[in-house]
Amino acid sequence: MRNSPLWLWLMNVGLLLIMLGTAMPLLNPDSTAFRYVFTIGAVLATVCRLITPGYQGKVMRVKRLAHIEVWACIMFCVAAFFMWYTPERSADWLAFTLAGGVLIIYTAFMIPRALRKAAEEQPK
C-alpha cells in the first residue's frame with residue numbers, strides 16, 4: 001500500500017493545491033479561501049511524503065536529496081501555520097513557501113542528475 005502510485009498522485013495534487021493557494025490572493029485579495037486551499041495542499045503533500053518510502057538505493061546523495069524533499073513539505077506546513085497565525089503579514093508565509101518551492105525545484109533537477117552520475121560511475 002505504501003508503494004502505491006496513488007500516493008504519488010496525491011502528492012502531486014497537494015503540490016498543485018499549494019500552487020493554487022499561493023496564486024489565489026493575486027486574483028481575489030479579499031477572499032480567505034486561499035488559506036484553506038493552501039493548508040489542505042500542504043498537509044496532503046507532507047502526509048504523502050512521509051508515508052511513501054524514500055529512496056531505497058545505495059546512492060547517499062540521492063538519499064539526502066529525498067530527505068530535503070521532506071523538509072520542503074514541512075516548510076509548506078510552517079507557511080500554512082503562519083498564514084493562519086499572522087494573517088495580516090504576508091511576508092512570513094510567503095518566505096516559507098518560497099523556501100519550500102526552491103528546495104522542491106532544486107531536488108527535481110538534482111535527483112535525476114545524481115542518479116545518472118552514479119550510473120555512469122559504476123564499473124561495467
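The chain is numbered in sequence order, starting from 1.
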Looking only at heavy atoms, what is the nearest atom pair of I111 and L65, with distance? CG1-CB, 3.6 Å

From R49 CZ over to I74 CD1, what is the distance, rounded to the nearest 0.5 angstrom? 11.0 Å

How far apart are the closest heavy atoms of M75 and A99, and which atoms are they? SD-CB, 3.6 Å

I need the T107 OG1 to R64 CZ distance, nearest 0.5 Å. 14.0 Å

Distance-minimising heavy-atom pair for A80 and A42: CB-CB, 4.4 Å

Within a 6.0 Å radius of atom CH2 on W9, are there more than 12 heavy atoms belonging to other residues, nucleotides or ligands? no

Donor-acceptor list for residues 11-38 side chains, cut-off 3.5 Å, not counting sequence neighbours:
residue	atom	partner	partner atom	Å
N12	ND2	L8	O	3.3
T22	OG1	I18	O	2.8
S31	OG	A33	N	3.1

Pairwise ring-ring contact (aromatic ring centres under 6.0 Å, His included) hits with a residue in residues 59-81, at least two apart: F81-Y85

Linking I/L/V/M/F/W/Y whenever any side-chain heavy atoms sit under 4.5 Å apart, do I51 and I104 land together? yes

Nearest 0.5 angstrom please: C77 SG to L44 CG, how far? 10.0 Å

Grouping I, L, V, M, F, W and Y whenever their side-chain heavy atoms are under 4.5 Å apart, do L6 and I40 come out in a common cluster? yes

